[in-house]
Colleague: 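Before we start, here is the structure in question, set down as structure tokens.
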Protein chains: 4
Amino acid sequence: MEKIKVGVAGYGVIGQRLADGVVKQEDMDLVGVVDVAPTLSIRALYDSKNPYDLYVVDDSMKKAFKEEGITVKGNFDDILSNVDIILDATPGGIGIKNKEKYKERGVKAIFQGGEKNEVADVFFHGYANYQKGVGKDYLKLTSCNTTGFIRAVDCIDKEVGVERVVVTIMRRSADPGDIHRGLVDVALVEKVPNHQAVDIMLIMPHIEATGVLVHLPITHGHLISLVVTPKKKISVEEAIKLFDTHPRIKVVEIAKGFNSNTALFKYARDKGNKRADMYEVGLFKETVALSGENLFFTINIPQEAVVIPETIDAIRAAIPMQTDGNEAVRLTNKYLGME
Amino acid sequence: MEKIKVGVAGYGVIGQRLADGVVKQEDMDLVGVVDVAPTLSIRALYDSKNPYDLYVVDDSMKKAFKEEGITVKGNFDDILSNVDIILDATPGGIGIKNKEKYKERGVKAIFQGGEKNEVADVFFHGYANYQKGVGKDYLKLTSCNTTGFIRAVDCIDKEVGVERVVVTIMRRSADPGDIHRGLVDVALVEKVPNHQAVDIMLIMPHIEATGVLVHLPITHGHLISLVVTPKKKISVEEAIKLFDTHPRIKVVEIAKGFNSNTALFKYARDKGNKRADMYEVGLFKETVALSGENLFFTINIPQEAVVIPETIDAIRAAIPMQTDGNEAVRLTNKYLGME
Amino acid sequence: MEKIKVGVAGYGVIGQRLADGVVKQEDMDLVGVVDVAPTLSIRALYDSKNPYDLYVVDDSMKKAFKEEGITVKGNFDDILSNVDIILDATPGGIGIKNKEKYKERGVKAIFQGGEKNEVADVFFHGYANYQKGVGKDYLKLTSCNTTGFIRAVDCIDKEVGVERVVVTIMRRSADPGDIHRGLVDVALVEKVPNHQAVDIMLIMPHIEATGVLVHLPITHGHLISLVVTPKKKISVEEAIKLFDTHPRIKVVEIAKGFNSNTALFKYARDKGNKRADMYEVGLFKETVALSGENLFFTINIPQEAVVIPETIDAIRAAIPMQTDGNEAVRLTNKYLGME
Amino acid sequence: MEKIKVGVAGYGVIGQRLADGVVKQEDMDLVGVVDVAPTLSIRALYDSKNPYDLYVVDDSMKKAFKEEGITVKGNFDDILSNVDIILDATPGGIGIKNKEKYKERGVKAIFQGGEKNEVADVFFHGYANYQKGVGKDYLKLTSCNTTGFIRAVDCIDKEVGVERVVVTIMRRSADPGDIHRGLVDVALVEKVPNHQAVDIMLIMPHIEATGVLVHLPITHGHLISLVVTPKKKISVEEAIKLFDTHPRIKVVEIAKGFNSNTALFKYARDKGNKRADMYEVGLFKETVALSGENLFFTINIPQEAVVIPETIDAIRAAIPMQTDGNEAVRLTNKYLGME
């Protein structure tokens with residue numbers, strides 16, 4: 001079978017990880033990545049052992065790369081001529097403009113959470129609504145927080161049904177190395193409900209959700225506490241077992257040192273994972289508890305890499321490579337080493 | 001009527017604010033404060049316009065104060081001879097030792113949350129169980145978080161009854177200027193249930209509570225999100241009205257700039273409050289919402305001053321100055337300017 | 001003698017402190033403060049015991065204040081009719097526009113460091129170049145860092161002469177409660193020389209200066225280490241003595257708990273200073289040392305209040321109230337309690 | 001030639017990187033690593049693709065590893081029987097105790113900066129005093145800051161001679177993921193001179209050094225500004241050229257995005273370096289300047305990995321593998337990929 005040819009537009013925090021993720025899929029080929037300037041991430045890519053092929057949005061940008069001694073393979077048109085689908089990880093608001101190009105060239109595209117929902121035919125999550133994305137041209141992924149906690153909610157929902165969810169999202173206010181935003185000694189509160197609660201109701205319309213979002217002076221992952229009201233009672237042990245068998249949830253023990261967002265980052269780093277990344281949501285075992293029949297637990301969202309698996313799923317749905325969601329996520333997981 | 005004579009042992013973060021609070025009570029006299037060394041806070045007290053009288057634990061400590069040019073009025077025995085009650089705000093674990101002195105001298109005492117419950121006859125909250133403290137010799141206050149959120153829960157409980165509570169506590173990991181503890185870029189998770197959930201069940205035994213606590217790199221106040229299951233449905237508007245009329249809860253609007261823990265600190269500073277303190281719990285109006293019949297909201301705990309009103313209440317109960325809790329808290333509130 | 005009538009435009013971090021400072025001057029009257037919207041600081045002012053009179057830039061803004069129940073005394077024209085001089089503490093770039101109004105109305109004005117130098121006739125520092133400001137219409141203050149370290153450099157310069165200065169500025173990246181900027185876990189380096197080094201050379205042209213500026217995730221004050229090359233050798237003891245007698249420098253001891261930017265903030269808070277403010281630069285005694293003949297030391301800049309004394313000096317120069325700089329700063333210091 | 005057999009005691013932040021570094025040396029064999037408990041780092045090692053052989057200090061510790069399903073190869077005696085030299089990266093104070101074992105077994109050892117100088121025969125730096133370590137049994141490395149800035153100072157010293165150095169060290173207060181120490185919103189000042197200034201004078205006794213150290217709420221690397229007084233004038237261009245050709249200094253440009261400690265960490269991460277590590281000191285090109293004849297510049301110290309090259313050098317000296325320092329560092333650099 002011929003491999004699906006994939007391009008990545010925007011080589012930032014998400015884009016570089018999408019490229020890595022595609023490279024790991026045995027049934028996909030990464031044609032290259034597109035960016036507008038020789039940023040620090042591009043510099044790092046070029047200094048690494050096996051850089052991806054680089055394309056620029058238009059030829060006028062080639063000069064800046066040349067001055068840095070960085071080889072450019074072509075422009076946006078060139079890469080669009082060579083791909084079946086493009087993963088658009090450009091800054092929010094650019095994707096909607098790029099879409100015109102994609103339509104013109106008949107190239108399918110997957111957009112990230114920063115774009116408005118209107119950009120896409122389907123608002124997509126690999127586990128929760130794969131079927132809706134099958135064969136569609138334009139899919140938009142849920143944002144990192146929503147992607148992550150839907151994994152946990154969906155996993156309970158498939159077992160006993162879920163009626164309601166209340167989330168408290170403790171959000172990192174900047175990515176590591178980000179100098180354009182950040183908070184010092186501030187916990188900034190947004191009005192209820194946060195967009196993540198609204199988003200889960202778009203993906204899983206049978207669930208009523210609300211929640212608060214607090215921006216915090218941390219960089220290595222969000223934390224979310226969830227109160228989930230199941231349709232049928234589920235015990236703490238049963239819930240942990242469910243979480244434990246989910247390929248995209250890593251149940252960790254506080255008692256063994258997994259006591260923070262940063263401990264999970266450190267674990268990934270110590271293990272030697274590329275870029276110190278985790279695809280899995282971390283779920284702190286000792287935080288799973290019951291309140292009446294409500295299930296309570298706390299998870300960690302590795303914001304930089306968490307959307308990679310579901311974006312790969314989206315490729316599988318859009319092309320479509322698999323019409324069955326279970327088979328699709330199985331393959332994504334297998335190639336990403338999340339079995 | 002003769003004023004009740006009060007001493008404060010331990011002139012740290014809490015102790016200095018207890019002293020301020022006692023001074024504002026027209027029916028109490030602050031005899032003085034006790035400490036062991038000329039700390040920065042003692043230095044500041046002495047450099048201020050109207051310093052409180054200073055006592056040392058034992059005479060050997062006088063030399064260090066003298067070298068700093070700071071006048072000491074006497075020792076621990078001297079102040080104990082002159083007070084009806086002592087507010088013990090010494091570091092956790094010291095209070096239990098001091099208690100021997102208090103017993104010997106027949107002086108009543110109020111301990112803070114850092115001591116073990118065994119130190120006291122009653123685990124006390126001015127609003128939730130005033131009656132239990134009436135006439136008792138040794139009372140222990142709930143800790144800052146518990147003191148604060150009990151105000152909100154008790155206020156709902158008195159109106160419609162409360163069955164269950166789930167809290168997500170986002171805790172400041174150090175006080176401003178604290179160099180002995182702190183976290184950098186870490187959100188540290190404790191196992192469920194946190195001690196605050198256990199504590200509310202000791203104070204309000206008819207409520208089932210659980211929750212998670214996350215330590216964060218912030219200094220100006222804790223944040224807590226609460227999911228409260230009432231016995232009888234209550235609307236968002238009714239709840240806000242209840243909170244709004246509570247003298248120890250300040251309902252604030254995110255839209256008007258009260259968008260964070262630090263905004264509340266800044267407001268107190270800008271207003272010219274001594275030490276930039278707030279006695280009130282801040283409650284973010286736009287975070288009040290329903291999830292099914294559960295009431296959801298988020299509050300701010302100004303950890304440095306929040307326990308002052310309830311500690312003053314405890315003096316009123318222990319002596320007893322008032323046998324009626326409503327009258328007691330009314331007076332405390334009036335003198336602290338919280339009407 | 002009639003008091004000089006002063007207005008303050010812009011009631012932000014600096015503006016509210018300028019108003020406080022003017023009120024303390026027995027030879028000045030604060031006519032009122034001007035702002036554009038009922039911000040959190042305005043709310044706090046109005047909720048305080050003795051609010052200043054409020055003016056708005058134009059009448060269309062009165063509605064927003066009225067909706068908040070806040071009384072407005074008049075508009076920009078009204079206050080300009082009643083003042084001899086205005087302290088412009090509006091956000092950078094607004095002052096240059098306001099200047100047209102001031103010129104039209106024949107009102108003198110003092111601008112802050114955020115404006116470009118072109119806004120003023122003189123770039124001013126009360127100690128280092130008072131004479132240049134005498135009788136001038138438009139003065140611009142040095143920024144908080146420059147204002148602070150010039151105090152220390154000028155004090156050495158007047159004694160033994162200074163040839164060169166190298167500064168390492170460790171800058172707070174946000175004020176307390178600021179949500180619009182900030183850094184998380186980042187130390188951001190600017191190219192050399194920083195503008196503060198350039199600025200000292202404008203104020204004290206006989207000194208050659210350079211230095212680096214690093215933005216940091218802290219809020220309570222900048223730190224600066226200085227290497228000062230004197231014309232004539234000065235010992236550590238002599239230098240400390242000089243610093244110690246300077247009314248705007250507070251020599252503090254690390255060994256006594258003054259070990260950080262935040263310790264100084266805490267001291268001001270514990271002492272009961274309004275808004276927890278310090279006008280003095282803190283100078284850490286144990287950091288004064290010699291390297292060859294170079295004098296090395298580290299200071300703390302309380303960025304929110306440090307420019308208040310020099311701005312008051314500027315009023316004295318511009319009017320002029322005193323033609324002798326020594327007499328002017330003596331009066332400013334006396335009324336601000338910095339003797 | 002037979003490879004030198006190396007063991008690593010203590011698998012913490014430094015220990016795991018020492019093990020990585022030894023593995024890269026073609027003339028050394030890593031026999032294994034020793035630790036006392038199945039920490040998160042050990043867990044990560046075991047979950048990685050090619051774990052190192054694990055030893056425990058004594059057999060009683062094997063149980064804890066076994067319970068985690070982690071295979072242990074032997075105990076401290078076992079590994080000591082198989083190595084020529086041990087790199088002791090245990091927590092400060094343990095090394096001196098371990099030394100007894102090393103002496104007993106006739107095993108050479110290299111200690112880290114956390115141990116007292118008395119532990120070793122020589123206080124060592126690969127570039128600055130290699131010769132002193134040749135053939136010695138016990139060497140102690142300089143700490144991370146000192147190791148890093150000696151590279152830059154030594155490089156100037158070898159070219160034009162250095163008389164004096166003044167350093168301002170902006171130190172990270174915790175490593176990423178460290179929950180046992182840290183500062184929130186505090187810049188903590190230590191008395192002058194800091195130990196790093198004292199240390200450089202031990203290694204390079206002809207240099208007079210002083211400086212201040214400030215602890216900061218950051219995790220990804222220290223920053224140091226240096227004022228270096230050369231014996232013979234050196235221009236900015238000449239200095240940059242010298243730094244640029246030093247294999248252990250990476251000259252970076254702020255204008256190209258290398259604007260902070262975290263930008264360098266991000267670069268290493270984006271490039272795919274294992275654990276996101278950098279062996280090189282980063283030197284910000286735009287911070288190199290002259291003040292009179294003094295050379296001023298600012299560097300970044302990647303505290304987790306910076307001591308690895310000089311520790312490898314120490315193995316070469318102690319054995320001795322090379323008696324010529326130039327040849328030794330050339331080999332270390334080559335194998336670590338720092339050419």
Side-chain angles (χ1 to χ4, degrees), chain A residues 11-13 15-17 20 37-51 64 67-68 174-180 182-186 217-220 250 252-277 304 337, chain D residues 11-13 15-17 20 37-51 64 67-68 174-179 182-186 217-221 250 252-277 304 337:
Chain A
Y11 193 73
V13 171
Q16 53 190 307
R17 289 165 172 87
D20 297 347
T39 61
L40 191 137
S41 295
I42 293 283
R43 178 79 260 162
L45 172 65
Y46 200 76
D47 292 350
S48 71
K49 281 172 198 165
N50 294 299
E67 280 168 9
E68 287 297 306
D175 282 322
D178 193 343
I179 60 163
H180 297 296
L183 293 170
V184 187
D185 204 1
V186 171
I218 51 174
T219 70
H220 297 299
K250 183 174 175 66
V252 295
E253 291 181 54
I254 294 171
K256 293 187 178 168
F258 291 96
N259 48 26
S260 64
N261 60 335
T262 322
L264 281 150
F265 176 74
K266 184 171 155 51
Y267 169 78
R269 236 182 127 190
D270 286 1
K271 195 177 155 202
N273 286 5
K274 188 176 178 188
R275 305 183 203 277
D277 280 348
E304 296 163 304
Chain D
Y11 193 73
V13 170
Q16 54 189 306
R17 288 165 173 88
D20 298 347
T39 61
L40 191 137
S41 295
I42 294 283
R43 177 81 261 163
L45 172 65
Y46 200 76
D47 292 350
S48 70
K49 281 171 198 167
N50 294 299
E67 281 169 9
E68 287 296 307
D175 281 323
D178 193 343
I179 61 164
L183 293 170
V184 187
D185 203 1
V186 172
I218 52 175
T219 70
H220 297 299
K250 182 176 175 65
V252 295
E253 292 180 54
I254 294 172
K256 292 184 179 171
F258 290 96
N259 48 26
S260 65
N261 60 336
T262 322
L264 281 150
F265 177 74
K266 183 170 156 52
Y267 169 77
R269 236 182 127 189
D270 286 1
K271 193 176 155 204
N273 286 5
K274 190 175 177 188
R275 305 184 203 277
D277 280 350
E304 297 163 304

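Hydrogens, waters and symmetry mates play no part in the numbers below; they use all other heavy atoms, side chains included. In the text below, chain A, chain B and the rest are named by the order of the sequence lines, each starting its count at 1.
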Colleague: Measure across A:Lys266 and D:Ser41 and return the closest heavy-atom pair with its distance rounded to 0.1 Å.
Modeller: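 Heavy-atom minimum between the residues: NZ-OG, 3.5 Å.
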Colleague: Heavy-atom distance under 4.5 Å to chain A: side chain of D:Phe265, backbone, both or neither?
Modeller: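 Contact with chain A involves the side chain of D:Phe265 alone.
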Colleague: If we define contacts as heavy-atom pairs under 4.5 Å, which of D:Gly272, D:Ser48, D:Ala263 has the most with chain A?
Modeller: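 Most heavy-atom pairs under 4.5 Å with chain A: D:Ser48.
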Colleague: With a 4.5 angstrom heavy-atom cut-off, could you sort out which part of A:Arg17 is near chain D: side chain, backbone, both or neither?
Modeller: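 Side chain only.
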Colleague: What is the distance from atom CG of D:Asp277 to atom CZ of A:Arg269, rounded to the nearest 0.5 Å?
Modeller: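 Reported value, rounded in 0.5 Å steps: 6.0 Å.
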Colleague: Distance check, rounded to the nearest 0.5 Å: D:Asp270 atom CG versus A:Arg43 atom CZ?
Modeller: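 Reported value, rounded in 0.5 Å steps: 12.5 Å.
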Colleague: What part of A:Asn261 is in contact with chain D, defined as an atom under 4.5 angstrom from a non-hydrogen atom: side chain, backbone, both or neither?
Modeller: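 For A:Asn261, neither part sits under 4.5 Å from chain D.
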Colleague: In terms of heavy-atom proximity below 4.5 Å to chain D, should A:Phe258 be classed as side chain, backbone, both, or neither?
Modeller: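 Both the backbone and the side chain of A:Phe258 come within 4.5 Å of chain D.
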Colleague: What pairs with D:Arg275 under salt bridge (charged side-chain N to carboxylate O under 4.0 Å, His left out), at least two apart in sequence or on another chain?
Modeller: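 For D:Arg275, the residues satisfying salt bridge (charged side-chain N to carboxylate O under 4.0 Å, His left out) (neighbours in sequence not counted) are D:Asp20.
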Colleague: Side chain, backbone, both or neither: which part of A:Ile179 has a heavy atom under 4.5 Å from chain D?
Modeller: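 Interface part for A:Ile179: side chain.
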Colleague: Counting only heavy atoms closer than 4.5 Å, note whether A:Glu304 contacts chain D via side chain, backbone, both or neither.
Modeller: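 Side chain only.
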Colleague: Who wins among D:Asn259, D:Thr39, D:Asp185, D:Leu264 for the most heavy-atom pairs under 4.5 Å with chain A?
Modeller: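 Highest number of heavy-atom pairs under 4.5 Å: D:Asp185.
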Colleague: Under 4.5 Å between any side-chain heavy atoms of A:Pro38 and D:Lys256, yes or no?
Modeller: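 No. Closest side-chain heavy atoms not under 4.5 Å.
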Colleague: Just so I understand: if I count every heavy-atom pair under 4.5 Å between each of D:Val184, D:Asp47, D:Thr262 and chain A, which residue has the most?
Modeller: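 Option with the top pair count is D:Asp47.
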Colleague: For the NZ atom of A:Lys274 and the CG atom of D:Asn273, what is their distance to the nearest 0.5 Å?
Modeller: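 Between atom NZ of A:Lys274 and atom CG of D:Asn273 there are 11.0 Å.
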